[in-house]
Amino acid sequence: MKLLTHNFLSSRFLKDVSTGYPLKLSIEEKRILDSALDVNFLKNVMVKIDYEVLYNVAESIGESELLPPPDAPVTVDTLNDEQLNKLHRVLVCLDVIVGTLECPESGRVFPIRDGIPNLLVNEDEIA
Amino acid sequence: MLPTPDYRLTERQALTVYDPAEDSFLLMDAIEKDLEVLKALRPQIALEIGVGSGVISTFLAKSLSSLSLFSLGTDVNADACEAAMNTAKLNGVRVEIVRCDLVSAFLPRLLNSIDVLLFNPPYVPTDENEVDASDLSRCWAGGSRGVSTLNRLLPLIPDLLSIGGLFYVVALKENGVEQLLKHSERLRGSIVMERRAGIEYLYILKFERIL
């Protein structure tokens, strides 16, 4: 699971949870994929991501160094090469293999195994 | 013609994961037929619901690889999630897989954001209690008229798609195609392809978000 995917996931589907976002990420095992920098991809996804959430989750796993701070809007065109590579690393290369996602409101823990987060719950847990 | 992606189901996966068949091929043919339309859309995010073996998502990702598309897929079946991820890898593309019901884990974040949405739902008319009875029946059992699962998703479609975004879905004649095409005034429905396959008469329906 990439941090890019984390950016779009929430546990709002749970009973008594109003936002369920962002999910708290814990990593047990990760991999850094070897992938060529694709600036167009970064431009595409930056339009759709919540950058503050990305920055904060990157910070929580010690990967925020060199990332532009979230206090001002980030546009890919204004980033230097170092920043672009770092953004590429956290969005595209970093792959969570084993870990957990935790609902910030209910504490419900969702496992990540073999790179796949499992947000399937029992019917009685759903709103 | 673009080739069908390679895929390999393990013995275990083959027990519950849908093996690509005529309906899967028709959906790939529709994607290929609409390739210029899809490219012109310059999609940023694609999502497939119920990825199964992963061939459809992989096919789309390969077809649009020049566009730097971000591809996502969901499935309720853990073996399908694994199979889909392997199929993508086998074909040198990335599809991010999340195990969840329909799009539940992506709400509300992906509202108004999905540029290409794909679904090959369980469309075979069956008894209502066969729907969701097992991972295997989830591949095909669609309840009365074969639209029980699709009907849970349809109300969300206009809000999930970006403006101009496209939703492609497999349907069977018995599902009531005319009714499906008109189900929302915020969507423009059309038939992309239709084909008889054995006892089934299959359609690929396309919905464009216009409002």
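We name chains A, B, ... by the order of the sequence lines, and we start the count at 1 in each one.
- Proximity to chain B is absent for every atom of A/Ser11, based on heavy atoms less than 4.5 angstrom apart.
- Neither the backbone nor the side chain of A/Phe110 comes within contact range of chain B; no heavy atom of the residue lies under 4.5 Å from a heavy atom of that chain.
- Of all the listed residues (B/Cys100, B/Ser113, B/Pro108), the one sharing the greatest number of non-hydrogen pairs under 4.5 Å with chain A is B/Pro108.
- A heavy-atom distance below 4.5 Å is found between the side chains of B/Arg109 and A/Asn7.
- Here the side chain of A/Asn44 pairs a donor or acceptor atom with the backbone of B/Ser68 at under 3.5 angstrom.
- The neighbour count for B/Arg8 CZ, taken as heavy atoms of other residues, nucleotides or ligands under 6.0 Å away, does not exceed 12.
- Under the 4.5 Å side-chain criterion, counting only non-hydrogen atoms from C-beta, A/Phe8 is in contact with B/Ile45.
- Counting non-hydrogen atoms of other residues, nucleotides and ligands closer than 6.0 Å to CZ of A/Arg108 gives a total above 12.
- Near-neighbour residues of residues 48-83 of chain A relative to chain B, defined by a heavy atom under 4.5 Å from a heavy atom of that chain, comprise A/Lys48, A/Ile49, A/Asp50.
- Separation of atoms CZ (A/Arg113) and CZ (B/Arg99) is listed at 9.5 Å; rounding is to 0.5 Å.
- Contact count versus chain B (heavy atoms, under 4.5 Å) is highest, among A/Leu23, A/Leu33, A/Leu14, for A/Leu33.
- Between the side chain of A/Ser10 and the backbone N or O of B/Leu107 there is at least one donor-acceptor pair closer than 3.5 Å.
- Other residues, nucleotides and ligands contribute over 12 non-hydrogen atoms within 6.0 Å of the CD atom of A/Glu29.
- To the nearest 0.5 Å, the span separating CZ on B/Phe106 from CZ on A/Arg12 amounts to 14.0 Å.
- Listed options A/Leu42, A/Asp95, A/Val92, A/Thr19 were ranked by heavy-atom pairs under 4.5 angstrom with chain B; first place goes to A/Asp95.
- The two residues A/Phe41 and B/Leu69 come nearest to each other via the heavy atoms CE1-O, 3.5 Å.
- Near-neighbour residues of residues 114-127 of chain A relative to chain B, defined by a heavy atom under 4.5 Å from a heavy atom of that chain, comprise A/Asp114, A/Gly115, A/Ile116, A/Pro117, A/Asn118, A/Leu119, A/Leu120.
- Between chain A and the residues B/Glu82, B/Met85, B/Arg94, the most heavy-atom pairs under 4.5 angstrom are made by B/Arg94.
- A/Val47 touches chain B through its side chain: at least one heavy atom from C-beta onward sits under 4.5 Å away, while N, CA, C and O do not.
- In this structure, chain B has no heavy atom under 4.5 Å from any part of A/Ile112.
- Residues B/Glu96 and A/Leu4 are not in side-chain contact: their nearest non-hydrogen atoms beyond the backbone lie 4.5 Å or more apart.
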